[in-house]
Amino acid sequence: MAEALLNQSLTGQEEEREADEGRREEERSPDEGRGAREEERQDEGRRGEVERRAVGEERRGTEEERREVHGEARQPGEGRGAGGEEEERRADEGREGVEEERQPDDGRREEEEELEIEDEDDYEEEEEEREAEDREADDEREREEELQLQQQNRGGERLRDVVDGRGALETLGEAPRRMIDREDRMYWAEEHEMSQVARLTGKDWWQCHLGTVKQRMATLHHHSRLYDVVLCFPKYQVEMKAHKLVLAMSSPVLEAMLFGPMSQDADGRPHYLTLAQDLPETFEWLLRYLYRDETKFQGTVQALSVYEAAHKYQIDALARLCSHYLADSVTPDNFPFVFDPAVLHEDAELLNRCYEVAAVQGREVLSCPDLCVLRRPALRALLTLPRLSVDKESYVFRALVQWGWYHLDEGPPPPAKPCPELLPARRRLRAIIDEFLPYVRFLAMDLNEFVNEVEGSQLLSPDECMAVVRALRGIAPAPVLPHFISADATRRRKGLVTVAVLISPPSNEPLTFEYLEILSINLMQNLTVSTAVHLVRLASTGVCSLREGSVVVWDEGGDHVARGVWSGNGCLFRRPVSLAVGRRYSAVLTLKEAWCVLTTTTINVTHKRIVFRGQTQCGGRLRLEYMSGAFLPPPSLQRRLPASVCLIDS
């Protein structure tokens, strides 16, 4: 009877468990995750184990009651009947079932641990990705803030660049401050207008939001709306969209290419214009100028490229703009690249500026390694410059030989008659430079200079060298000079620069130097001149430093006149500074980590009938290099002389 009751209770519990499972299956959504199902399996395993334990306890309790009723006491190993063996068998099966249930639970537990580890790895990867994105966003925000700060401080930076020193800022007048404020207002107005165009053109009905012609043209260029021509650069595989009307109304050459008799009918389709000889970067800058009126160059190389394009397409206003920029940027290092197109296009303003540089720094110009890029007309114009500033004529000959070696394959063929005096390569080199040899003043050289530079080059025959040596030594009778040497060209070349010593302390008095972290003094204060001169260089033995500084020249009205870079013990201005009669000028030197002799001295010097008066706060020898009078006009480009093929007279 007890066993029947026990079986009924077990059957009822099984039915209830199945019913609960059915309800949970009906309530369970098919979209539930794997975690919920695992939790249910674990709950079922725990409930089964509890039930099995309860069944075992009930069995043991029933057996004890039966024995008490019959008055029997169970001894170990005794009294086992069929019922006892059945109970033991069932208990063993229960224990085996528990063990079997525990083994799947252990496997599931290991799977759960592995899943947890994988989830942790995925979470760490997601965290690293989020941190990387946050860092990128922070970097982008910092760059934007830095750019905004640079734009906001542009006026202050420009002002500091002019004087390069906080102490000197206090000494500025109102005129330079007003000039810088006006430039800043123009810059911010332009930036605001362009940002407004970029903001408005992304909307529908964009035409309604543009209020000025400049905004409309900038929109057409920025978004390439309504384009009807495609500019192709096959060498670089680049295409640009543009508008025929804008190109044609800016250049007569482009008008002829797009609307002239040689243009092709596109039948309503975009017209393709091939520009095989132009650079895409140059034409992109040209389009910004035509559409937006932008005139900012990134450097001399870009300005030279645009200068050539402006002359090619006959945009005269742009050519003048490039000429002004190049005139302010020419130096001995880029002199050949600027001088050659200036001679080609006969640009008087740019030629004047190049002649100034050659008259002041002729030796540096001739020593430039890029001098070989000059074409023949430009080289002839340089060698015929009457005021080419070189202290030795051998520099001219050396530059000519360097140019000839570069153009060795472009010269005429050597003469058919063999010349045993010269090697074949030097015969060809001599044929290339022969037309320029009359511009070299061989008789202005001294004997050692001629022997080392000219005779050592083996470009002159022994007879020619002997004739020049006899002329230099003055041996009678007068020798017959080669055809390329003039007997009148005996004077050395003389530049336009004159040196005036404004302060010269006695040589027996030692100079007392002081070390200063920041030096700001007046090299010249209230300087006046009796005749208009052009200041080229300032130098002083009372200042020395390994750091570069700045020298700013102001006039009596507080207007900025010029600025130069102080290096070593002198400052060479980029362009000669004009000092007018009746005006007072001051030159402020700002330098860091310098040794200086500080003393106030009065300047009152007369040099070649020019009177210099003023004061200086720097001791030591103060030297001023200047050019007096007006600059010489550029010489007319001479007609090319015919090349001489017969090199050596028999």
Side-chain angles (χ1 to χ4, degrees), residues 362-363 365-367 371-372 374-386 388-494 638-650:
R363 178 177 175 179
V365 169
L366 294 176
S367 301
L371 191 70
C372 53
L374 292 178
R375 284 170 280 199
R376 292 178 179 270
L379 181 62
R380 185 181 299 107
L382 177 62
L383 297 180
T384 55
L385 182 64
L388 183 62
S389 179
V390 289
D391 51 354
K392 292 183 178 181
E393 194 67 21
S394 58
Y395 293 126
V396 180
F397 181 79
R398 192 184 305 168
L400 181 59
V401 172
Q402 178 187 0
W403 180 90
W405 280 118
Y406 182 81
H407 297 268
L408 190 61
D409 297 333
E410 302 177 4
K417 183 179 179 181
C419 300
E421 291 85 354
L422 298 177
L423 298 177
R426 298 190 180 276
R427 288 170 52 204
R428 181 177 290 274
L429 177 61
R430 171 67 184 272
I432 293 174
I433 67 173
D434 190 69
E435 62 174 305
F436 301 106
L437 289 179
Y439 307 133
V440 181
R441 304 179 182 181
F442 292 97
L443 298 183
M445 302 180 183
D446 55 29
L447 185 59
N448 293 332
E449 184 180 0
F450 178 82
V451 171
N452 294 332
E453 295 290 340
V454 181
E455 187 178 5
S457 65
Q458 299 181 5
L459 293 177
L460 273 65
S461 66
D463 294 339
E464 293 173 337
C465 293
M466 183 59 66
V468 176
V469 170
R470 292 183 62 184
L472 291 175
R473 299 187 63 179
I475 299 176
V480 179
L481 296 174
H483 67 280
F484 54 84
I485 297 179
S486 174
D488 299 330
T490 58
R491 299 182 59 184
R492 290 183 178 271
R493 300 176 188 266
K494 186 178 181 181
Q638 300 179 8
R639 185 180 303 174
R640 177 177 176 180
L641 299 177
S644 177
V645 178
C646 185
L647 304 180
I648 301 177
D649 297 334
S650 58

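- The OG atom of Ser486 sits 8.0 Å away from the CG atom of Leu443 when rounded to the nearest 0.5 Å.
- In this structure, Arg380 and Tyr439 have side chains that are in contact, with non-hydrogen atoms separated by less than 4.5 Å.
- Considering CG of Asn448 and OG of Ser394, their distance stands at 11.5 Å, rounded to 0.5 Å.
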- [ ] Step by step, work out the side chain to side chain contact (heavy atoms under 4.5 Å, CB included) result for His407 and Leu429.
- [x] CA-CA 9 Å; His407 297 268; Leu429 177 61; over 6 Å; no
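- Side-chain contact between Leu388 and Arg363 is absent, with no heavy-atom pair separated by less than 4.5 Å.
- Put simply, CD on Glu449 and CG on Leu472 are 9.5 Å apart, with the number rounded to the nearest 0.5 Å.
- By the 4.5 Å heavy-atom criterion applied to side chains, Leu400 and Leu437 are counted as neighbours.
- The pair Arg430-Glu464 meets the salt-bridge criterion, since a charged nitrogen lies less than 4.0 angstrom from a carboxylate oxygen.
- Nearest heavy-atom pair across Leu366 and Ala399 is O-CB, 3.6 Å.
- Aromatic pair Phe484/Phe436: ring centres not closer than 6.0 Å.
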- [ ] List the steps, then state whether side chain to side chain contact (heavy atoms under 4.5 Å, CB included) holds for Leu459 with Ile433.
- [x] CA-CA 10 Å; Leu459 293 177; Ile433 67 173; 3.8 Å; yes
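- For the pair Met445/Phe397, a side-chain contact is recorded, criterion being any heavy-atom separation below 4.5 Å from C-beta on.
- Proximity of Arg493 to Leu385: side-chain heavy atoms (C-beta onward) are nowhere separated by under 4.5 Å.
- Ala381 and Thr384 get closest at one heavy-atom pair: O-OG1, 3.2 Å.
- Contact detail for Glu455 and Cys465: the closest heavy-atom pair is CG-SG, 4.0 Å.
- Using a 4.5 Å cut-off on side-chain heavy atoms (C-beta onward), Glu393 and Phe450 make no contact.
- For the pair Lys392 and Glu453, the salt-bridge criterion is not met [side-chain N within less than 4.0 Å of a carboxylate O].
- To the nearest 0.5 Å, atoms OG (Ser461) and CE (Met466) are separated by 10.5 Å.
- Between Trp403 and Ile432, the closest side-chain pair of non-hydrogen atoms falls below 4.5 Å.
- Side-chain contact between Leu371 and Leu374 is present, with at least one heavy-atom pair separated by less than 4.5 Å.
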